[in-house]
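Sharing a structure below in structure tokens format, with a few things to ask.
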Amino acid sequence: MFNRLDAKRNACMLTGKFARRGYDWWWHSFTAVNDETGEEVPFFVEYFLCNPSSGEKEAVCGQKAENKACGKKPSYLMVKAGCWGSDKVQLHRFIGWNDVRLHAKAPYSVEAFDCFASDRELRGSINISKEECESHPEWMCDAGSMEWSLKLEKKVAFNVGYGASGLFRALKAFEMYWHAEGMKTFVSGKITCNGKKYTVVPEKSYGYADKNWGCGFTSPWVWLSSWDLVSRVTEKRLENSVFDIGGGRPKVFGIALNRKLLSAFWYEGKCYEFNFSKFWTGTKTQFSYEETEKEIVWHVEQSNHNALMKTEMRCDKDKMLWVNYEDPDGIKRFTQLWNGGHGHGNVKLYRKRGKSLTLIDDIDVGHAGCEYGEFSAV
């Protein structure tokens, strides 16, 4: 069953050619509450490893002018943290490999100075002055500060199938891999962001944890996920449910496939999966994206032999970030990779028997993580 946790898929994958030209990151997003005002604010914390075999004493940033001029590849641990909303901020801390302690095998851990990540715990801090931000455009971030001390309790996983199986991991077949070890995660702890203090409560954290790795990124890049779900049919909260949608245009052995998405809906303890790598399920996908003056809108429709899932999600642009990455070759392929934590919308889930459809549930969605971007001209 896809909800089984699998620490091996969550281990560090930077071996072989991916150690020379590759990245691996652990992403976490969740909602916290302002201790003074009670306002809900969605946050993110990520630990991004790049090109460890070419590591130097200091972090090597690929966007630095002299590195770009001579073709020097990036190499570092990048700790990314921030929040979405009216006070949105994206912070990056770059650390050289000499100062990184990595336990690559499962269960993984990565540690550098006061920054630490594992399957169960996140700690760290970033502090970037306005002057540093202005003088280091290669850091690709804002000025600001954030500290965090968090515990993770992963409830439901999405093992995306054969594409991330042991064989395909060993073959380094895909350009970009995905594993959602905690598509439903209880997060708890404390945050201080730009002087404001926040508390994260497990049952209201709407936490999420996944990882990507490989030697390149996908375009388009799509992600939607939430476990803040309320049935319109029963008017009750779905306490044992979560969905996760991700993908774009995967490359296998250098060959680009048609636009593909992987998705899973763990609906009140029952598995509904729409996975093109499991070809015998007859999975079909249609998705589109639109940008209005104020919103980003996603439309996804997926079906297999037994079920149909229709998803429409929205997020206000003024609450979102253009999240920044460079690839292992030092190329910043996205200039407008929309990323947010205020997604909301609707999911309709149907049982399918031939051409006949029966509604299982019609669901309102809140507190959704969401992302969309396509490569820019470089």
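Only this structure's heavy atoms are used, side chains among them; waters, hydrogens and symmetry mates stay out.
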Inset, instruction - Taking the six-membered ring for Trp and the full ring for Phe, Tyr or His, determine whether the centres of Phe18 and Tyr23 are under 6.0 Å apart. - result: no
Legend entry - Test of ring centre spacing under 6.0 Å for Tyr325 and Phe334: no
Inset, instruction - Give a yes or no answer on whether the side chain of Ser205 reaches the backbone of Val187 with a donor-acceptor pair at less than 3.5 Å. - result: yes
Legend entry - Gly340 versus Met320, closest heavy-atom pair with distance: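 So the two residues come closest at N-CE, 3.8 Å.
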Legend entry - CD/Glu66: more than 12 non-hydrogen atoms of other groups inside 6.0 Å: yes
Inset, instruction - Kindly compute the distance separating CG (Asp6) from CG (Asn159), expressed to the nearest 0.5 Å. - result: 5.0 Å
Inset, instruction - Among Phe243, Trp266, Phe186, find the residue that satisfies the ring-ring contact (aromatic ring centres under 6.0 Å, His included) test when tested with Trp227. - result: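 Between Trp227 and the candidates, ring-ring contact (aromatic ring centres under 6.0 Å, His included) is satisfied uniquely by Phe186.
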Inset, instruction - Determine, step by step, whether Thr285 and Thr283 satisfy the side-chain contact (heavy atoms from CB on, under 4.5 Å) criterion, reporting the C-alpha distance in whole Å, the side-chain angles of both residues, the deciding distance to 0.1 Å, and the verdict. - result: CA-CA 7 Å; Thr285 297; Thr283 293; 4.2 Å; yes
Inset, instruction - In plain terms, say whether Arg123 and Glu121 are close enough for a salt bridge, that is, a side-chain N and a carboxylate O under 4.0 Å apart. - result: yes
Inset, instruction - For the pair Asp24 (side chain) and Met13 (backbone), establish whether a donor and an acceptor sit closer than 3.5 Å, ignoring hydrogens and angles. - result: yes
Inset, instruction - Considering only NZ, NE, NH1 and NH2 on the basic side and carboxylate oxygens on the acidic side, decide whether Lys88 and Asp318 come within less than 4.0 Å. - result: no
Legend entry - Residues Lys190, Thr199; criterion side chain to side chain donor-acceptor pair (under 3.5 Å); working and verdict: CA-CA 5 Å; Lys190 295 288 186 178; Thr199 299; 2.6 Å; yes
Legend entry - Residues Glu147 and Thr192: side-chain donor-acceptor under 3.5 angstrom: no
Legend entry - Asn67 side-chain N/O to Cys61 backbone N/O, donor-acceptor pair under 3.5 Å: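 Such a contact is found between Asn67 side chain and Cys61 backbone.
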Legend entry - Exam field: side chain Arg333 to backbone Asp327, donor-acceptor pair closer than 3.5 Å: no
Legend entry - Ion pair Arg237/Asp228, N-O distance below 4.0 Å: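 Counted as a salt bridge, because a side-chain N and a carboxylate O are separated by less than 4.0 Å.
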Legend entry - side-chain hydrogen bond (donor to acceptor under 3.5 Å, both in side chains) partners of Arg120, counting only residues at least two apart: none
Inset, instruction - Give a yes or no on whether the ring-centroid distance for Tyr289 and Trp221 is below 6.0 angstrom. - result: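 No.
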Inset, instruction - Give the intermediate values and the outcome of side-chain contact (heavy atoms from CB on, under 4.5 Å) for residues Lys332 and Asn324. - result: CA-CA 8 Å; Lys332 190 173 185 291; Asn324 292 325; 3.1 Å; yes
Legend entry - Neighbour count >12 (heavy atoms, 6.0 Å) for atom NZ, Lys352: yes
Inset, instruction - Applying ring-ring contact (aromatic ring centres under 6.0 Å, His included), name anything that partners His367, two or more places apart in sequence or on another chain. - result: Tyr206
Inset, instruction - Please state whether the rings of Tyr177 and Trp213 are parallel, tilted or perpendicular, taking 30° and 60° as the class boundaries. - result: parallel
Legend entry - Trp223 and its ring-ring contact (aromatic ring centres under 6.0 Å, His included) partner, picked from Tyr208, Trp298, Phe287: Tyr208
Legend entry - No-hydrogen, no-angle side-chain donor-acceptor test under 3.5 Å, Trp148 and Tyr198: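 No - no donor-acceptor pair under 3.5 Å links their side chains.
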Inset, instruction - Dump the intermediate steps for side-chain contact (heavy atoms from CB on, under 4.5 Å) on Met146 and Ile191, then the final yes or no. - result: CA-CA 7 Å; Met146 181 166 153; Ile191 297 169; 4.1 Å; yes
Inset, instruction - For Asn34 and Lys196, test the side chains for any donor-to-acceptor distance below 3.5 angstrom and give the result as yes or no. - result: no
Inset, instruction - Evaluate the side chain to side chain donor-acceptor pair (under 3.5 Å) criterion for residues Lys211 and His179: first the C-alpha distance (whole Å), next the side-chain angles of each, then the deciding distance (0.1 Å), finally the verdict. - result: CA-CA 5 Å; Lys211 78 192 304 286; His179 171 61; over 6 Å; no
Run the side-chain donor-acceptor check on residues 68-78: report pairs under 3.5 Å with partners two or more places apart or on a different chain.
unit_1 : atom_1 : unit_2 : atom_2 : d
Lys72  : NZ     : Glu56  : OE2    : 3.2
Ser75  : OG     : Asn51  : O      : 2.7
Ser75  : OG     : Gly55  : N      : 3.4
Ser75  : OG     : Trp97  : NE1    : 3.4
Tyr76  : OH     : Glu326 : OE2    : 2.7

Legend entry - Stacked cation flag Lys319 on Trp84, 6.0 angstrom / 45 deg: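 The answer is no; the distance or angle limit is not met.
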Inset, instruction - Please examine the side chains of His92 and Val79, heavy atoms only from C-beta on, and report whether any two atoms are closer than 4.5 Å. - result: no
Legend entry - Evaluation steps, side chain to side chain donor-acceptor pair (under 3.5 Å), between His299 and Glu301: CA-CA 7 Å; His299 305 275; Glu301 182 171 318; over 6 Å; no
Legend entry - Ser376 versus Thr335, side-chain donor and acceptor atoms under 3.5 Å: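 There is such a pair (donor and acceptor under 3.5 Å, judged by atom type) between the side chains of Thr335 and Ser376.
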Inset, instruction - In plain terms, say whether Arg232 and Asp362 are close enough for a salt bridge, that is, a side-chain N and a carboxylate O under 4.0 Å apart. - result: yes
Legend entry - Pair Glu273 + Lys278: basic N to acidic O under 4.0 Å: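 Yes, charged N to carboxylate O under 4.0 Å.
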Inset, instruction - List the atom of Glu312, the atom of Arg314, and the distance in Å for their closest heavy-atom pair. - result: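 Heavy atoms of Glu312 and Arg314 come nearest at OE2-NH2, 3.2 Å.
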Inset, instruction - Kindly indicate whether the side chain of Glu291, heavy atoms from C-beta on, has any atom under 4.5 Å from the side chain of Lys317. - result: yes
Legend entry - Sole residue of Lys154, Lys151, Arg9, Lys8 in salt bridge (charged side-chain N to carboxylate O under 4.0 Å, His left out) with Asp119: Lys154
Inset, instruction - Assess the side chains of Trp178 and Asp210: does a donor N or O sit below 3.5 Å from an acceptor N or O? - result: yes
Inset, instruction - Look at atom CD of Glu36 and say whether more than 12 heavy atoms of other residues, nucleotides or ligands are closer to it than 6.0 Å. - result: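 No, not enclosed.
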Inset, instruction - Measure the spacing between CD1 of Ile126 and SG of Cys115 and express it to the nearest 0.5 Å. - result: 6.5 Å
Inset, instruction - Start with the C-alpha gap between Glu46 and Trp27, add the side-chain angles, then the distance that decides, and say whether side chain to side chain donor-acceptor pair (under 3.5 Å) holds. - result: CA-CA 4 Å; Glu46 180 183 61; Trp27 167 271; over 6 Å; no
Inset, instruction - Scan side-chain atoms only and decide if Tyr272 and Asn304 contain a donor-acceptor pair under the 3.5 Å cut-off. - result: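 Side-chain D/A pair, Tyr272 to Asn304: absent.
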Legend entry - Pairs touching residues 102-134 that satisfy ring pair (Phe, Tyr, Trp, His ring centres under 6.0 Å), sequence neighbours left out: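 Passing the test, one end in residues 102-134: Trp26-Tyr108.
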Legend entry - Tyr372 versus Glu374, side-chain donor and acceptor atoms under 3.5 Å: yes
Legend entry - Short side-chain to backbone donor-acceptor contact, Asp142 and Gln90, under 3.5 Å: yes
Legend entry - Between Ser263 and Gln302: side-chain donor-acceptor atoms closer than 3.5 Å: yes
Inset, instruction - Sequence neighbours left out, what passes side chain to side chain contact (heavy atoms under 4.5 Å, CB included) with Thr234? Give chain and number order. - result: Ser231, Lys236
Legend entry - Test ring-ring contact (aromatic ring centres under 6.0 Å, His included) applied to Trp338 - qualifying residues, sequence neighbours left out: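 Trp338 satisfies ring-ring contact (aromatic ring centres under 6.0 Å, His included) with Trp322 only.
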Inset, instruction - For the residue pair Glu371 and Asn339, confirm or rule out a side-chain donor-acceptor distance under 3.5 Å. - result: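 Looking only at side-chain atoms, Asn339 and Glu371 do form a donor-acceptor pair, the distance falling under 3.5 Å.
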